[in-house]
Asker: 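Structure provided below as structure tokens; questions to follow.
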2 protein chains.
Amino acid sequence: MAEDVFKALADPTRRRILDELVERDGQTLFEICTRLVTKHGLGLSRQAISQHLAVLEAAGLVVTRRQGRYKFHDVNTEPLERIVTRWLRPDPPEKTS
Amino acid sequence: MAEDVFKALADPTRRRILDELVERDGQTLFEICTRLVTKHGLGLSRQAISQHLAVLEAAGLVVTRRQGRYKFHDVNTEPLERIVTRWLRPDPPEKTS
DNA sequence: ACGATAGGCAAGCAGTCACTTGCCTATCAA
DNA sequence: TTGATAGGCAAGTGACTGCTTGCCTATCGT
């Protein structure tokens, strides 16, 4: 639901994670951790990122696929498209949700 | 700042207020209060709404104009248009992974 | 089998947030 | 001026949130 999407976007770290995944889709938890540290200078524990990813996944902004011991994370921009048309009267044609 | 916009949108009551103002622009604080109670069934004090409006105004989502003892609130959708283009590339909804 | 890697679960802590309460200022009408 | 209306300021409180810490499970390579 929309509530989860807005709450997921409320945190700057989660927005960074979305940035990272948009730039490079299908990363694992550890990849995201190291890239957030090296590129964005964020010093966060693995669990912190894991919890953020859980929030993003609950919002539908990130979908995951397991493969062996790896869990890959992909962005899903579909929830974003819906929430903004709430106040922005859209001119463009839509695929309705 | 984008931070303020996301934080402003994080609260369901503030989103309701935006709904109200989109539907009927230029309302005063008391008008918003009564309409939130009657139409949406929200039981909130005047100060609660006032504080929400302050957050929305700080985010640039609401602009105010004083006139005598009245203070009218108008929506400004411009900040909304910017924040979503952060992840929604205007061209492709899909990326050939 | 073993150790190493990738990830998950849960309790605890500190900071933030939404909301209330109480009091104050400013404008208008009589 | 007096009283009523429209709004603002500030402190206090309860709940939520982001993060850490510690321990646990599952998969891979050797």
Side-chain angles (χ1 to χ4, degrees), chain A residues 1-21 24-38 40-59 61-74, chain B residues 1-21 24-38 40-59 61-74:
Chain A
M1 73 180 77
E3 170 73 30
D4 300 319
V5 180
F6 285 110
K7 283 214 293 188
L9 294 177
D11 187 83
T13 302
R14 283 194 286 269
R15 296 196 296 271
R16 292 279 186 177
I17 293 177
L18 278 186
D19 291 336
E20 250 305 307
L21 288 178
R24 185 179 219 257
D25 216 14
Q27 297 189 56
T28 67
L29 172 59
F30 276 77
E31 284 177 311
I32 298 173
C33 280
T34 53
R35 299 194 70 156
L36 283 181
V37 170
T38 60
H40 303 274
L42 296 183
L44 285 175
S45 69
R46 174 181 58 87
Q47 282 77 1
I49 309 293
S50 178
Q51 289 165 6
H52 281 307
L53 285 172
V55 175
L56 289 170
E57 189 174 7
L61 290 166
V62 163
V63 288
T64 60
R65 49 192 160 93
R66 267 214 111 103
Q67 190 171 343
R69 57 178 161 176
Y70 298 103
K71 187 179 180 185
F72 300 103
H73 301 78
D74 304 285
Chain B
M1 183 135 8
E3 170 75 27
D4 300 320
V5 181
F6 285 110
K7 283 214 292 188
L9 294 177
D11 187 83
T13 303
R14 284 194 286 269
R15 296 197 296 271
R16 293 278 185 172
I17 294 176
L18 279 186
D19 290 336
E20 249 305 308
L21 287 178
R24 185 182 219 255
D25 215 15
Q27 296 190 57
T28 67
L29 172 59
F30 276 76
E31 284 176 312
I32 298 173
C33 281
T34 53
R35 300 195 73 161
L36 282 182
V37 171
T38 60
H40 303 275
L42 295 183
L44 285 174
S45 69
R46 175 182 57 89
Q47 281 76 1
I49 309 293
S50 178
Q51 289 164 6
H52 282 306
L53 285 172
V55 175
L56 288 170
E57 189 174 6
L61 290 167
V62 163
V63 288
T64 60
R65 50 192 160 90
R66 266 213 111 102
Q67 189 170 343
R69 57 177 160 176
Y70 299 102
K71 188 179 182 185
F72 301 103
H73 301 77
D74 305 284

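Basis for what follows: all heavy atoms, side chains included, without hydrogens, waters or symmetry-related copies.
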Asker: Once you round it to whole Å, what is the distance between P of C:dG3 and CZ of A:Arg69?
Answerer: 16 Å

Asker: So for A:Gln47 and C:dG7, does any side-chain atom that can act as donor or acceptor lie under 3.5 Å from a complementary atom in the base?
Answerer: no

Asker: Indicate whether OP1 or OP2 belonging to C:dC19 is found under 4.0 Å from a side-chain N or O atom of B:Ser45.
Answerer: no

Asker: Over how many whole Å does the gap from A:Arg66 atom CZ to D:dA26 atom P extend?
Answerer: 10 Å

Asker: Could you go through the side-chain contact (heavy atoms from CB on, under 4.5 Å) check for B:Glu3 and A:Arg15 one step at a time?
Answerer: CA-CA 10 Å; B:Glu3 170 75 27; A:Arg15 296 196 296 271; 2.7 Å; yes

Asker: For A:Tyr70 and A:Lys7, find the nucleotide of DNA chain D closest to each by heavy atoms; which residue's nucleotide sits nearer the 5' end?
Answerer: A:Lys7

Asker: How many Å lie between NE2 on B:His73 and P on D:dA6, as a whole number?
Answerer: 14 Å

Asker: Quick one: does A:Gln67 reach the base of D:dT27 with a side-chain donor-acceptor pair under 3.5 Å?
Answerer: no

Asker: In this structure, how many angstroms lie between the P atom of C:dA18 and the CG atom of B:Leu36, rounded?
Answerer: 15 Å

Asker: Take the protein atom CG of B:Leu42 and the nucleotide atom P of C:dC19, then report the distance between them rounded to whole Å.
Answerer: 9 Å

Asker: C:dA6 phosphate, OP1 or OP2: any side-chain N/O from A:Thr28 under 4.0 angstrom?
Answerer: no

Asker: Ignoring backbone atoms, establish whether B:Lys71 has a side-chain N or O less than 4.0 Å from OP1 or OP2 of D:dG8.
Answerer: yes

Asker: Roughly, in whole Å, what's the span from CG in A:Asp4 to C1' in D:dT17?
Answerer: 15 Å

Asker: Is there a side-chain polar atom (N or O) of B:Arg14 under 4.0 Å from OP1 or OP2 of C:dA18?
Answerer: yes

Asker: Check the distance between C:dA6's C1' and A:Glu31's CD and give it to me in whole angstrom.
Answerer: 11 Å

Asker: Hey, does B:Phe72 have a side-chain heavy atom less than 4.5 Å from the side chain of B:Thr28?
Answerer: yes

Asker: In terms of the nearest nucleotide of DNA chain C, which residue is placed more toward the 5' end: A:Phe30 or B:Arg46?
Answerer: A:Phe30

Asker: When you match B:Thr13 and A:Gln27 each to their closest nucleotide on DNA chain C, which lands nearer the 5' end?
Answerer: A:Gln27

Asker: So B:Arg16 and B:Leu36, do their side chains get closer than 4.5 Å, heavy atoms only?
Answerer: yes

Asker: Please report, rounded to the nearest Å, how far the C1' atom of C:dG12 is from the CD atom of A:Gln51.
Answerer: 12 Å

Asker: Over all heavy atoms of both residues, which pair between A:Asp25 and A:His73 is shortest? Give the atoms and the distance, please.
Answerer: OD1-O, 3.8 Å

Asker: Please determine which of A:Val5, A:Leu61, A:Leu21, A:Asp4 meets the side chain to side chain contact (heavy atoms under 4.5 Å, CB included) test together with A:Leu56.
Answerer: A:Leu61

